[in-house]
Structures are given as structure tokens and as C-alpha cells.
Number of protein chains: 8
Amino acid sequence: MKDFEIDWERKGRTGIAEAIFCEHKSVSQIASILDFSDGRAMLFTRLSPDKLRALPERQQTLIDYDAESRTAFSGQVAAPTRKGIGVVCAGTSDVPVAKEVVRCLQFNGYDAPLIADVGVAGLWRLMRRLEDIRRFDVVIALAGMEGALFSVLAGLLSAPVIAVPVSVGYGVAAGGHAALSSALASCAPGLTTVNIDNGFGGACAAIKMMQIGSNAHFSQG
Amino acid sequence: MKDFEIDWERKGRTGIAEAIFCEHKSVSQIASILDFSDGRAMLFTRLSPDKLRALPERQQTLIDYDAESRTAFSGQVAAPTRKGIGVVCAGTSDVPVAKEVVRCLQFNGYDAPLIADVGVAGLWRLMRRLEDIRRFDVVIALAGMEGALFSVLAGLLSAPVIAVPVSVGYGVAAGGHAALSSALASCAPGLTTVNIDNGFGGACAAIKMMQIGSNAHFSQG
Amino acid sequence: MKDFEIDWERKGRTGIAEAIFCEHKSVSQIASILDFSDGRAMLFTRLSPDKLRALPERQQTLIDYDAESRTAFSGQVAAPTRKGIGVVCAGTSDVPVAKEVVRCLQFNGYDAPLIADVGVAGLWRLMRRLEDIRRFDVVIALAGMEGALFSVLAGLLSAPVIAVPVSVGYGVAAGGHAALSSALASCAPGLTTVNIDNGFGGACAAIKMMQIGSNAHFSQG
Amino acid sequence: MKDFEIDWERKGRTGIAEAIFCEHKSVSQIASILDFSDGRAMLFTRLSPDKLRALPERQQTLIDYDAESRTAFSGQVAAPTRKGIGVVCAGTSDVPVAKEVVRCLQFNGYDAPLIADVGVAGLWRLMRRLEDIRRFDVVIALAGMEGALFSVLAGLLSAPVIAVPVSVGYGVAAGGHAALSSALASCAPGLTTVNIDNGFGGACAAIKMMQIGSNAHFSQG
Amino acid sequence: MKDFEIDWERKGRTGIAEAIFCEHKSVSQIASILDFSDGRAMLFTRLSPDKLRALPERQQTLIDYDAESRTAFSGQVAAPTRKGIGVVCAGTSDVPVAKEVVRCLQFNGYDAPLIADVGVAGLWRLMRRLEDIRRFDVVIALAGMEGALFSVLAGLLSAPVIAVPVSVGYGVAAGGHAALSSALASCAPGLTTVNIDNGFGGACAAIKMMQIGSNAHFSQG
Amino acid sequence: MKDFEIDWERKGRTGIAEAIFCEHKSVSQIASILDFSDGRAMLFTRLSPDKLRALPERQQTLIDYDAESRTAFSGQVAAPTRKGIGVVCAGTSDVPVAKEVVRCLQFNGYDAPLIADVGVAGLWRLMRRLEDIRRFDVVIALAGMEGALFSVLAGLLSAPVIAVPVSVGYGVAAGGHAALSSALASCAPGLTTVNIDNGFGGACAAIKMMQIGSNAHFSQG
Amino acid sequence: MKDFEIDWERKGRTGIAEAIFCEHKSVSQIASILDFSDGRAMLFTRLSPDKLRALPERQQTLIDYDAESRTAFSGQVAAPTRKGIGVVCAGTSDVPVAKEVVRCLQFNGYDAPLIADVGVAGLWRLMRRLEDIRRFDVVIALAGMEGALFSVLAGLLSAPVIAVPVSVGYGVAAGGHAALSSALASCAPGLTTVNIDNGFGGACAAIKMMQIGSNAHFSQG
Amino acid sequence: MKDFEIDWERKGRTGIAEAIFCEHKSVSQIASILDFSDGRAMLFTRLSPDKLRALPERQQTLIDYDAESRTAFSGQVAAPTRKGIGVVCAGTSDVPVAKEVVRCLQFNGYDAPLIADVGVAGLWRLMRRLEDIRRFDVVIALAGMEGALFSVLAGLLSAPVIAVPVSVGYGVAAGGHAALSSALASCAPGLTTVNIDNGFGGACAAIKMMQIGSNAHFSQG
């Protein structure tokens with residue numbers, strides 16, 4: 001009995017290839033999927049260093065792993081060349097999720113700069129980078145704690161802003177729920193949100209936005 | 001002492017004109033804002049029939065009011081001509097918020113069709129309309145109860161899908177929180193969400209997405 | 001049996017006179033307290049117009065009532081003359097609670113200006129007023145929705161900032177909980193918070209701060 | 001003092017034998033229960049590999065343990081022969097709980113196939129298996145994340161569908177609460193649900209449904 | 001533009017006809033659906049007396065309305081003849097939802113007795129009726145407050161028990177959440193649950209269970 | 001079909017007569033119960049003035065109704081003579097629930113004094129009454145807002161203290177949940193609590209405690 | 001600087017000696033308190049085996065430690081002789097907290113039997129022990145999961161029942177909140193509750209109840 | 001790419017130097033910040049002993065680390081000389097957060113005494129220290145569990161009281177939420193609060209209050 005069913009058609013249907021979310025999968029499930037992929041390019045998210053090390057050695061050598069973002073690429077992944085998406089994060093602690101965003105974009109062909117530690121408690125840090133940020137077609141913003149960056153940023157930009165709340169904080173901010181509420185309750189219109197720590201989802205949303213107007217076709221339902 | 005400060009620059013800065021959210025404003029505050037607007041086009045959301053009727057009569061005659069969506073336009077609003085955005089809702093009860101979306105899009109120049117009552121408890125209803133839905137560049141989806149429509153739709157489309165959870169339901173669905181959780185926790189990558197019942201926000205996000213690639217410039221910060 | 005026990009010593013003990021919170025009190029309880037006060041100056045908060053009108057007529061004429069803030073003064077209240085406290089609110093919908101702050105300060109001798117509708121979705125509105133705001137010794141900030149104003153303001157000022165979250169909003173912001181979480185989880189150090197819609201409490205905290213260094217003595221415990 | 005009281009009459013009374021839920025029991029409690037059972041067939045759930053290894057060796061050899069589902073059978077358990085129940089799960093990560101369902105059914109005489117990884121983000125996967133699923137008399141469905149599978153499935157089947165929400169997910173889906181809400185708030189009528197991760201309960205409910213019409217008698221109250 | 005899409009195929013597909021949930025629908029939407037139904041038998045739930053009276057008079061006379069359960073039948077509904085389902089409720093306050101269950105069963109051909117006010121605070125009341133309750137093939141149990149009835153009942157019966165938590169209570173029981181938690185967390189295996197106050201859903205689940213073994217066929221997907 | 005089942009045996013079994021909780025019962029249900037009681041003494045709680053006035057006039061004249069506590073006695077109720085229970089409440093707003101306690105005690109033969117408005121924000125008010133309070137065998141304490149009275153009182157008394165949290169407050173205190181948490185989380189050992197606003201339950205618990213050592217016998221199970 | 005202040009007067013004042021709650025205290029804080037106690041009898045709760053082993057060896061030998069209940073006695077503790085309190089728990093998993101109750105009672109002179117595993121999913125287990133349970137003056141009941149035992153027991157006894165919800169369970173029962181809600185929302189009047197897992201508090205409440213009528217005097221405030 | 005952006009201007013702008021919150025930062029991020037600081041005085045909070053030991057040895061020797069408060073000073077920090085701020089905590093378990101307060105004050109030049117274990121369950125402990133506490137200009141109060149200390153203290157003092165809820169407790173007090181609610185819902189006016197366990201924030205707020213009236217100037221925005 002095979003426990004999984006790869007949705008190879010997803011890229012044709014939605015413009016974005018399926019990725020393997022490893023957090024709740026066992027090492028043996030991940031190893032089976034890798035075997036089954038048979039060299040095709042595949043993205044793995046939330047792959048902890050411990051699980052990586054528990055994979056068969058031959059599999060470990062075949063994948064391009066980044067420990068900070070806990071992402072891996074298997075198969076041949078071309079160097080990213082597309083531009084237009086920017087990643088902005090409020091604090092140093094948000095960087096691991098921000099790098100998950102960057103890596104997921106790379107896997108899908110986008111080379112996105114990361115502008116870090118521009119939280120609004122020191123507003124000059126954001127203002128100093130504002131002209132750079134305004135050049136992006138789509139901005140993915142990450143923040144934990146109270147997530148005030150989302151509203152300030154969305155009030156300053158004409159580009160769509162995608163909020164990725166981050167589970168950084170303690171007390172009422174523990175788990176990222178305060179940042180999520182800030183993103184959803186924002187006064188700045190046009191801001192949209194994904195789940196807490198969902199760097200992969202933020203990247204996919206940005207790619208779908210960049211594809212508007214292109215000829216993406218649905219192949220099978 | 002004037003209680004308000006209209007952000008006339010918002011359109012130049014973010015591509016979307018400020019709107020007046022009337023739910024927590026008093027009738028006298030709304031009347032003052034209308035006077036102050038001095039004939040410029042302005043959008044009012046969550047304007048209840050009761051508050052409308054409490055406005056001075058001369059103001060009532062000057063505005064284009066729609067009771068189902070609780071929206072009003074003041075000033076000259078051109079007929080909408082732009083295409084590309086579609087609005088899809090799961091049930092008949094979601095229609096008032098869906099019409100808030102449609103009216104906010106109209107105010108901003110977009111003529112968006114509404115495809116209603118295609119919830120997944122009767123999947124054939126959605127499947128029958130799928131080819132129509134696939135033609136949109138951006139889809140705004142509305143659902144209350146458990147919000148399963150969001151995931152099914154996002155898994156079938158290459159266009160960005162913006163989820164607007166609706167406060168339709170009872171028990172654990174009361175207030176729209178179950179639908180919101182479904183949108184945020186969705187397995188279908190690339191789905192983004194706005195606050196519960198935030199039809200205005202969903203429309204703004206779609207407009208920002210449609211503007212990608214256009215020459216929107218920031219005027220003042 | 002008398003249902004109440006006025007804490008006349010509170011002013012001597014804590015520097016702030018007791019106030020009567022009317023929201024959960026019956027009209028007959030409020031009338032008894034007014035009778036018992038016997039002309040001494042007393043502050044009533046959350047006194048709805050309906051309850052006011054249900055009081056005996058002779059009592060209605062003796063009190064100075066403000067409908068927007070739902071506050072009343074009984075007895076002789078001197079015109080406020082002290083300076084140093086400023087009140088800043090994010091949106092027009094926050095004004096009723098902001099005016100509760102202003103009236104509670106007036107009752108205690110402080111003449112505090114209100115700077116309204118400077119929310120961060122249009123950052124220029126705040127920036128334009130920043131020099132004025134910096135002149136206050138203590139700032140009371142009010143915001144509903146996502147409450148991003150709290151962090152931005154506290155990051156820009158050396159004065160203590162007291163956050164009063166306001167129950168303005170809907171969906172995840174309903175009840176003011178998102179704004180409260182933002183205030184508590186703020187990255188900007190030195191911000192403190194009171195309960196949602198607690199304009200009276202915000203005013204009291206500011207007064208206690210202004211009294212630092214004065215010779216307030218405790219009379220009885 | 002004996003800490004436990006085996007409800008041997010439960011099978012006679014309710015049609016389902018008592019099982020030992022090991023998660024909050026100590027190793028010595030589990031060992032005592034095993035000794036006391038004296039070779040009678042007994043089902044153990046949530047028995048972690050660590051606790052298994054901490055049992056006296058003679059006990060370990062007497063039980064049939066499955067690590068993935070964390071279930072054990074003691075005593076003589078006949079090979080399952082009854083048909084009619086199907087188990088369907090949305091993702092690979094749901095498989096451990098799905099296998100708890102399968103094992104609990106086996107212990108009670110039902111041989112139930114598991115159809116895995118048919119989540120609705122790739123609807124074709126479910127549609128491809130739909131004819132197989134329609135042959136079951138009762139369907140137990142498992143899903144984590146947003147749990148959209150429950151509504152889609154219940155809308156397509158005439159068989160009763162029992163939802164088992166699974167604690168797979170993060171952010172708002174952490175702990176399985178989003179999937180649980182989806183099951184409860186479902187628009188598809190006739191869906192019932194059990195507690196998060198309660199594979200045992202889902203199996204018991206299915207068995208009780210399969211016994212409808214049989215001559216189950218109550219023995220003692 | 002028609003706001004609704006009747007799922008006439010639902011009965012063929014799932015064994016249960018679609019019903020119209022009226023709570024969030026406007027009077028004009030309900031009237032349109034009635035017109036559209038054109039005399040076919042249709043079930044309406046959560047139809048308040050106010051909405052009923054606001055319907056066109058000719059429509060009011062055509063429907064069989066029950067105020068206590070807030071349900072209506074339009075078209076020809078045969079007298080119920082099938083047996084096997086029992087409805088049991090803990091307190092007098094649960095009766096309106098219990099009668100929603102009874103009416104939904106009647107619409108679908110089942111004649112189900114209601115055994116009321118047998119809550120476990122006076123256990124003898126339940127015990128006195130136990131032999132009657134044991135004769136049912138399926139039991140639908142309703143309780144508010146702490147919902148202890150669910151566990152006691154499920155521990156005594158071999159029939160499947162479907163819990164319908166009821167929003168009767170105050171403090172921690174307000175909204176029915178305590179009763180829902182009790183149903184989900186029950187120690188008695190085989191209990192399943194539907195949403196709070198979902199009498200219709202409880203009835204549908206029971207009907208699906210009674211159909212097990214019959215030749216229900218799927219007509220269209 | 002009778003919707004109710006009076007537990008006349010409760011007094012013999014538990015020492016406290018059943019009472020009729022009217023909040024979720026319809027006027028016709030209450031009237032039926034009154035008819036059925038046939039002159040026997042019976043206690044009704046949460047009976048609103050509106051429901052009272054909707055009862056048949058002959059029933060209204062037979063009952064002893066107290067509007068502030070929303071309680072009614074039907075039948076012959078002897079004047080209370082037993083001592084030993086004291087009722088203490090923190091604020092004037094808690095008085096209606098405190099009077100529900102007093103009335104329920106009266107119905108059961110206890111004459112309990114009410115000491116009101118001794119909240120700890122003005123500690124001298126409590127201290128002034130402390131010697132009186134120490135004379136009670138059992139103390140029922142009521143508080144809303146943050147409920148600090150519970151801990152202070154339980155730390156000062158050797159008598160058992162029963163906390164009745166009251167739904168007085170706003171923001172985080174709305175609904176009485178902050179006061180409930182304070183009672184449960186109290187550092188002062190030996191404090192027990194009942195549900196929010198459950199004055200009846202607090203009275204019953206005190207009576208059960210006063211009966212310790214008496215010869216209460218169980219009559220039927 | 002000494003971090004602690006032993007409340008030696010507590011026993012004189014409230015009838016119950018202070019105990020040291022060790023869960024959030026460091027080993028060095030616990031060791032200091034032990035040194036400071038200087039041989040006087042003292043009760044320690046939530047003392048983990050790890051912390052015990054980290055204490056200085058001479059201290060370890062001086063205390064009477066019970067690992068299952070995580071309690072320790074220091075100093076001379078007389079053998080318990082008083083009767084009247086009974087401890088009843090629903091499941092085997094509740095035993096550790098039940099034993100915390102028993103040990104706290106022993107420290108205070110009460111010898112209380114524990115009746116274990118009488119949960120209501122198998123009602124006969126409770127009924128078989130009912131006559132024994134009815135002999136107690138005060139009953140402390142412990143249950144996790146859905147906590148249905150509390151209501152059933154309180155409905156059958158004239159003695160006061162103190163509910164101690166236990167953090168046994170998963171999904172909606174995780175952390176003991178479902179059991180707590182059941183205790184608070186119980187239909188059975190006269191039940192009171194302490195915090196989740198608060199065995200010590202349950203024991204203290206029972207002792208205070210047993211002291212009613214005795215001459216406990218307050219020594220100092 | 002540098003992940004951080006030190007806000008050196010914060011002290012000039014807000015009167016308080018930026019501090020490095022280490023809880024969610026990696027060891028390599030902390031080491032980079034230390035290198036970048038280049039000997040300037042800097043405060044680190046929530047620096048666990050494990051992370052400290054993982055830093056390069058040369059960095060470990062340069063910093064003044066306190067394990068109990070998990071704080072570190074790098075660079076030259078002058079001995080504190082300013083007076084006026086007092087720190088008061090309810091229990092021994094609150095001491096680690098209280099010491100974070102003390103250390104943060106020391107870093108900023110304030111020498112603040114800590115008065116520990118004066119919780120209100122033994123009111124005499126607080127009363128004995130009251131005269132000392134009344135001498136402070138600003139009081140920072142810390143409490144976990146039910147946080148009753150906040151209200152009692154704020155009702156007795158004319159100085160501003162800043163509540164720091166502490167995550168000490170279990171059951172409903174777990175995570176510090178009960179103490180936080182008590183602080184926010186307090187009846188004692190003028191109390192303000194910061195996030196749970198936010199000792200640093202409490203210290204910063206006190207410093208801002210002490211600076212009122214001094215010539216703090218804003219340097220850059």
C-alpha cells in the first residue's frame with residue numbers, strides 16, 4: 001500500500017508544482033516519495049536537519065538542502081532568473097521563515113531579494129529602504145510579535161502585499177496569533193494573508209499573482 | 001474640532017481610493033464627511049438603511065445607495081468597464097457580502113460577474129461553472145460555514161484566489177471563524193485571505209493584483 | 001440595605017477620585033448614589049442617554065452630561081487648567097472613547113487636546129502632527145482594528161504611551177481583541193496598556209504618571 | 001489498591017469491547033492491566049514504542065504491536081473477515097491515525113481497506129477513487145489542515161461519513177482544531193464527527209452503525 | 001441573476017433531499033426559492049415566525065409551519081411511517097431543537113418518538129425509560145449545559161448515538177460549547193457529534209445510518 | 001406529550017429541592033410546570049419580568065416574585081430561620097446575582113445577610129466588615145471584573161469560600177471569564193467556584209456544606 | 001535577599017497550613033525553603049523526581065517523598081486519623097492527581113480512601129460503589145476527558161462534591177478544559193470546582209468544609 | 001546579507017536604548033550582533049545558558065551574564081545610581097522575571113529594590129511592607145496565577161503601578177493569561193499592563209515615566 005499520491009498535474013493546473021510538506025511525515029514516508037520521484041525536480045519544506053540525517057545516505061547527497069529555511073530541492077533545479085517579487089521582514093527572528101519564502105521562489109524560477117529587520121518600532125529603518133521596496137511588483141511581508149509592519153507597508157505601496165505572520169513572540173504573541181490578527185484586521189486595504197509561518201504559501205500566492213495575464217492553462221480536473 | 005482626516009492621497013499612493021467604513025461612525029460623523037467631500041467621488045461601506053435614512057435629505061438624494069450590499073457612492077462614478085475579476089460564492093446567504101465586493105469593484109472601474117451558490121456539498125454546481133471561472137485573471141471566493149469552497153477552488157485554478165470568509169453559520173461556525181480557519185489552513189497553495197466579511201478588502205486586493213505591471217507611482221509618504 | 005459604599009478616601013490614597021461606572025448599574029442604584037453624594041463633585045462613566053433620561057428630573061438638571069462620551073459630572077467641577085497630557089486616536093470611530101478620556105481628564109483638572117484620525121494606513125497624517133505630539137509629557141493613544149498606531153507611536157516618542165484598545169472592528173477585530181493583542185505584543189518598548197474601551201483607566205494612569213514627584217500622600221488603608 | 005476496573009461487560013452492553021487508552025497511563029499501570037487480563041483478547045491504543053519497551057519482556061512477546069498506529073492486541077485475535085467499512089484519508093501525514101482506525105476495526109473483526117492521500121487540493125485523486133468509495137456501507141474519513149475533504153465526500157456519498165479530524169497542521173491548524181471545525185460546520189448534511197485524532201472512536205462508531213438491525217442485547221446496567 | 005441553485009440531485013446522490021436553511025437568508029430570497037420549487041416537496045429550517053409572516057400571503061397558506069421547531073414543509077409531504085429512530089433530550093429547554101429533529105425525520109418519512117427531560121442530574125428519569133430507548137436502532141441525543149447525558153447514554157446502548165449539543169446554558173456553557181466538548185471528549189466509544197443546535201444534521205445522519213444495506217445509488221457527480 | 005419531568009425526589013436524594021431554570025424555557029412550558037406543581041413549593045430562577053407578565057394572571061398572583069433577583073416562589077414557603085451563611089459581593093453591579101443567592105437560600109430556610117460593595121480596590125471597605133464576615137460558617141463571595149476579592153477573602157477566612165463570578169465588566173472581563181479565571185487560579189487554597197452568574201448553584205453548595213454531619217439520607221437512585 | 005516569605009500564620013488564620021508549590025521554583029529556592037523551615041512540618045506539591053534528586057542529599061533523606069503524587073512531607077507528620085472525606089476518580093489515568101489529594105489530606109490529618117476507575121461510560125462500576133460513597137461527609141471527585149462523572153455523582157449525593165478536573169485527554173479535552181467546563185456547567189446543583197489538576201486545592205476545600213462548626217479562629221490579618 | 005539593523009538612534013528618540021531579544025534568534029545571529037556592536041554597551045534579554053555557552057569563548061568572557069534573569073550586558077555599563085522605581089512580586093516563582101526587570105533597570109542606570117513574595121493570599125506580608133512600597137515613584141508589580149496583587153496594590157498607592165503578568169500557574173492560569181486578564185480587568189484605576197513575562201517592557205515603561213519633565217529630545221524619525 002502506497003501512502004501518497006503525487007499531484008504531478010498540479011503545475012499544469014494551477015501554475016505551481018506540488019511540494020512535500022515534511023513536518024508530519026515520517027522519515028520512511030519521505031524516503032519513499034524521494035524514490036518515487038525518480039529524479040524529477042521536487043521541493044521539500046519543513047524538513048528538519050534530524051530527518052535529513054535519517055534519510056538513506058544516497059538520498060542525502062542527491063538533494064540541495066538549506067538548514068536555516070529547512071527546505072530541500074531534489075532533481076535538477078535551474079538557477080532563478082525572474083524578477084519582481086520582494087521579501088521584507090520585520091525582525092532578525094523572522095529570517096528563517098523569510099528564507100523559506102526565498103527558497104520556494106527560487107525553486108519556481110524567481111530570484112527575490114530579502115530586506116530584513118525593518119520593523120516599525122524604528123520607522124527610519126523602513127523609510128530608508130522604501131524606494132527599493134516600491135520597485136517590486138509583489139511584496140511578501142513577514143512579521144511576528146504585533147505585526148504592525150503589515151499595515152504600515154500596505155498603506156505605503158501600490159503593489160499587492162502578502163502578509164506571512166511568523167510565530168515569533170511570547171505571551172499574547174505566542175504562536176503568531178497576534179501578528180495574524182493584525183494582518184487580517186488591518187486598516188490598510190488590499191492586504192491579504194496566509195497561515196502563520198506559511199512561507200511556502202506566501203511564495204505560491206506571489207507567483208500566482210505574477211502569472212496574471214500569462215497563458216496558464218488548466219490541463220485536468 | 002474635525003474628527004476625520006480624509007486620505008485623498010491614498011489612490012495616488014496605493015492605487016485605491018480611501019473608502020468610508022460607516023459601521024462604527026455616527027450619523028453626524030458621516031454627514032460631516034459627506035459635506036467635506038464636496039462632490040468628489042467617494043465610496044461608503046457598511047452603511048445601514050437606518051443610518052442612510054437618518055442623513056439630511058439633501059444628502060440622501062445625492063448618493064447612489066444599494067441596500068443589499070449596504071454600500072453607497074457619492075459624486076460622479078463612471079460606469080465600470082474593466083474585466084478580469086470574477087466573484088464566486090458558496091451559498092445564497094453569502095450574497096450580501098459578495099455584492100459588497102461587486103459594488104466596490106464597480107466604484108473602482110471593474111465590472112465583475114457574480115457566480116452564486118456553487119458550494120461543494122453539491123460539487124456538480126461548481127463543476128458546471130468551472131470553465132467560466134477559469135477565464136478570470138483573479139477570483140474572489142466567498143463562503144461561510146466550513147468554507148470548503150476555498151480549497152477546492154484554489155486547487156483547480158491557476159488564477160490567484162482571494163478568500164473572503166463570511167459570518168454565515170451557527171455553533172462552531174458562528175461569526176465566520178470556521179470559514180476563516182479553513183481559508184488560512186488550506187492545503188491548496190497560493191490562496192490568500194482577508195478578514196471575515198471584508199468584501200471591500202477582497203475587492204481592493206484584487207484590484208492591486210490587476211494593477212501589477214502597470215505604472216502605478218507613489219506620490220507622497 | 002444600601003448597595004454601595006463610596007470610596008471617598010480614594011483620592012487621598014491614590015490621587016484619583018472614585019468614579020461611578022454606570023454600565024451594569026440600575027437607574028435606581030445610580031439615583032441613590034447621586035442622592036448620597038449630596039452635591040460633592042462626582043464623575044459618572046458609561047452613563048447611557050436612556051439611563052440619564054430615566055433619572056428623576058431634578059437629578060438630570062444638576063449634572064453636566066456629554067452624550068458622545070457618555071460621561072456626567074455632578075457637583076461643582078472647576079475648569080481644567082493643567083497641561084501635559086495628549087490624546088491621539090487612529091480613526092473617527094475611536095472618537096467616543098477618546099472623548100471619555102478627555103472628559104475624565106477634565107474632571108481631574110487636565111485640559112488635554114485630542115488629535116484624531118491619524119492611523120498608520122496613511123502615515124503622512126501622523127507624521128504631519130508628530131511635532132505637536134512630541135510636546136506632550138504623556139500620550140494616551142486609542143485605536144481599534146489592528147491597533148498598529150500603538151507601536152509606531154511608541155517607537156517615535158520618549159514620552160510614556162498608554163494604549164487604549166477600542167472595540168472598533170469586525171471579524172477577528174470584533175470586540176477590540178486584535179488591537180489589545182497588538183498593544184501587548186508591541187515591539188516598541190515602554191508601551192503600557194489598559195482594558196479595551198477603558199478610557200477612564202487610561203486617563204487615570206496618565207494622571208498618576210503626571211503626579212510623579214509631587215507630594216501625594218496616602219491617608220488611610 | 002487496584003487502580004483500574006475493566007468493563008468486561010461493555011461488549012455485551014454496547015457491542016464493542018473496552019480498550020485500554022495508554023497515553024496517560026504509567027508503564028506499571030499498563031503492566032498490571034495486562035496481568036489482570038489473563039490472556040483474554042484486549043486492545044491497547046496510544047501505546048508508544050517507549051512504553052512498550054519498558055514493559056516486562058514476557059509481556060512484550062505476548063502482544064501483537066504495530067508501531068505506526070501505536071496499537072497492540074493481547075490474547076487471541078481472530079483474522080478479520082467482515083466487510084463494508086472503508087477508510088479514506090486526505091494526506092500522507094494522516095496515515096498513522098488512519099491505521100489506528102484500521103487496526104481497531106481488525107480487532108473487532110472488520111477488514112477495512114485504506115484509501116490514502118486523496119485530499120481535495122487535487123480533486124482528481126478523489127474522483128479517480130470515487131467508485132470504490134461508493135461501495136462502502138460506512139466511510140471513515142480522516143483529514144488535518146482545513147479538513148475540506150469531509151464536506152466534499154459527504155456531499156458525494158449516500159453512506160454515513162464519520163469525520164476523524166487529525167492534528168496535522170500548523171498555525172491556525174495546529175492541534176487539529178481547524179479540521180474539527182470544518183467537520184462540525186459542514187454544509188453537507190449527515191456528516192458526524194469524533195474528537196481530534198480519535199481513530200478508535202471513529203472505528204467504534206462505524207461498528208455500531210454496521211450492527212444496526214442485528215440482535216445486539218444489553219446484558220447489565 | 002438568480003442567487004440560488006437548488007441541488008435537486010442531492011436525494012439521489014446522498015439519500016437525503018436538500019433543505020433550505022433560512023437563518024441567514026432574506027425574505028425575498030426565501031420567497032424566490034418557494035416560487036422556484038413549484039410545488040415540489042421542500043423542507044425549510046430555522047424559519048422564524050417573523051420571516052414567515054413577511055412572506056407573500058399565498059405562500060404562507062401553502063406551507064405547513066411549526067413555530068416551536070421553526071420548520072416548514074412546502075408541497076405534498078406524506079405521513080411518516082418508518083420506525084427505528086429515537087430522540088432523547090436532557091431538559092425541557094432542549095425541546096425546540098429536539099422538535100427540529102423530529103420534524104426533519106417526519107419530512108423524510110420517519111416517525112420518531114421524543115423522550116424529554118431525562119438529564120443525568122436525576123438519573124432515575126433516564127433509567128426508567130431505558131428499556132424504551134434500547135429498542136431504537138439509532139438514538140439522537142440532545143443536551144445543553146454540560147452535556148453529561150451523551151456519555152451516560154452511549155455507555156448504556158449498543159445502538160449508534162448521535163449527539164446534538166444544544167446552545168442552552170450560560171457562563172462557560174453559553175453557546176453550547178461545553179456540551180459540544182463533552183460530546184467530542186466522551187469516554188464512551190462510538191458516540192458521534194454534529195454542530196451545536198444542528199437538529200437537521202442529526203436527523204440526516206440518523207437517516208443515512210438507517211439506509212445502510214439498502215440499495216442507495218449515486219446518480220450524478 | 002409532556003416536555004418536563006419534575007425531579008421531586010431530588011430533595012430526599014441530595015438535600016436540595018429541584019428548581020426551575022426559566023431562561024431558556026418558553027412561557028407555555030413554565031405555565032405547564034406551574035400547573036403541574038399543584039401548589040407544592042417550587043423555586044423559579046432567571047424568570048424575567050417579561051415572562052412573568054406573559055403568564056396567565058391567576059398564576060401571577062400565586063407566586064412571590066422578586067424582580068431584582070429574577071426569582072419566584074410558588075406554593076407555601078416558610079420564613080427562613082437558619083443562620084450561618086453569609087453573602088459578600090465586590091460591587092454594586094453584582095447585587096442582582098447576590099440577591100439570587102439570598103433568595104435561593106431563603107427558599108431553603110436560610111436567612112443570609114448580604115454585605116455589598118467591599119471590593120479590594122478600596123481595601124478598607126472589606127477590612128471594616130471583616131469581623132462580621134468571620135462569624136459565618138460558609139461565605140458565598142460574588143465579584144465581576146478581575147475578581148480579586150475571591151483570593152483576598154479566602155486568604156483571610158477559615159470558613160469555606162464559594163466564589164460566584166459575575167458577568168460584570170467589559171473588554172477582557174466581558175461575560176465574567178476574567179473573574180472566573182481568578183477564582184480558579186487563586187493562590188488562596190480552599191476556594192471553590194461555580195459557573196458565572198450561578199447564584200442558585202452557589203446557594204446550593206453552601207446548603208450542602210451546612211448539612212455536613214446531619215442525617216441526610218438518599219431515598220432513590 | 002530572601003526570595004520567599006513563609007506564611008506560618010496561615011493555619012491559624014484559615015485552618016490550613018501553607019504548602020510549597022514546587023513546579024515553577026528552582027532547586028535552589030526549594031532547598032532554601034527547606035533549610036529555613038528548620039524541621040517544622042511542611043508540605044511540598046508538584047515536586048518532580050528530577051528536582052528531588054537535585055536537592056542536597058541530607059535534605060533528600062529528611063523528607064517523605066511519594067513519586068506518583070509528586071508530594072513530599074518534611075518534618076514530623078503524624079499518622080492521619082480523621083475520617084469523612086472520600087476521593088473518587090473516573091479513570092486510571094486520574095490516579096496521580098487523586099493521590100495528590102490523598103497525600104494532602106494525610107498531611108492535614110485525614111485518612112481518605114480512594115475509589116478509582118468508576119467513570120460513567122460503564123455506569124455499573126459507579127453504582128456498585130454508591131453505598132460506600134454515600135457514607136462520606138464530603139466527596140472529592142476527579143475526572144478528565146469530558147468529566148461526566150461530576151454531574152452524575154452530584155445528582156446522586158447529599159454530600160458536597162468538589163470537582164477536580166484532570167488534564168487527561170486529547171483534542172478538545174487536552175489540558176483538562178473540557179472536564180473543567182463540564183464541572184462548571186453541570187446541571188447538578190451544589191457542585192463546586194477547583195482549577196485543573198489542583199489536587200491540593202480540592203483537599204484544602206474539603207478540610208475547610210469539615211471544619212464547619214468547629215472553633216477555628218483567626219489570629220492575625 | 002546582514003540579518004539585523006541595530007536601532008542605535010532609539011535612545012535619542014525614545015530615551016531607552018535598543019535591546020536584543022534572544023529567544024528566537026540563533027546563536028550565529030547573536031554572535032554577529034555582538035561582533036557588530038564593537039564594544040558599545042548593549043543589553044541582551046532571554047539569553048538562555050545554552051545559547052550563552054554556544055557563543056565563541058572570547059565573546060562569553062566579554063559579557064556580564066546573569067543566569068536567573070537570563071540577561072547579559074556587553075560593553076561598559078556604569079553602576080546604577082538613580083532611585084525611585086520599586087519592584088514588587090507576588091511569589092517566589094515570579095522572581096526570575098522580577099530579576100529581568102531589575103537588571104534592565106540597572107543597565108539603564110536605575111538601582112531598584114525587589115520586594116518578593118508578598119502575594120495577597122497572606123495579606124499581612126504586603127501590609128508589613130506597605131510603607132516601604134509607598135516611597136517609590138513608580139512601582140512595577142509582578143504576579144502569576146490569578147494576579148490579585150495588581151488590584152490590591154493599585155488600590156493602595158498613588159504611584160503609577162505597572163503590571164507584569166508572569167507565566168506561573170497551571171490549568172486556567174497556564175501561560176499567564178489569568179494574571180493578564182486580572183491586570184487588564186482591574187477595578188483599581190490607573191493600573192497599566194505589559195505583555196506576559198515582559199520584564200524588559202515593564203522596566204522601559206517605568207523609565208519613560210521617570211523621565212517625564214526631563215528634557216528628552218527626539219533626534220531622528
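The chains referred to below are lettered A, B, ... by the order of the sequence lines, with proteins before strands, and numbering in each begins at 1. All heavy atoms count here, side chains included; hydrogens, waters and symmetry mates do not.
Heavy-atom pairs under 4.5 Å with chain E were tallied for G/A185, G/A121, G/C187, G/G169; the largest tally goes to G/A185. The choice from E/S182, E/A188, E/G171, E/A178 that makes the most heavy-atom pairs within less than 4.5 Å of chain G is E/S182. For the set E/S181, E/G144, E/S186, E/A148, the entry with the most heavy-atom pairs within less than 4.5 Å of chain G is E/S186. Contact count versus chain G (heavy atoms, under 4.5 Å) is highest, among E/S151, E/G91, E/A173, E/G119, for E/S151.
Rounded to the nearest 0.5 Å, atoms SG (E/C104) and CZ (E/F73) are 7.5 Å apart.
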(request) Run the numbers on E/T14 and E/K208 for side chain to side chain contact (heavy atoms under 4.5 Å, CB included), then give the verdict. (result) CA-CA 8 Å; E/T14 70; E/K208 284 194 157 191; 4.2 Å; yes
(request) Let me see the working for E/I133 and E/L126 under side chain to side chain contact (heavy atoms under 4.5 Å, CB included), right down to the final yes or no. (result) CA-CA 9 Å; E/I133 297 172; E/L126 178 63; 3.8 Å; yes
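Between G/T71 and G/K99 the shortest side-chain heavy-atom distance does not fall below 4.5 Å.
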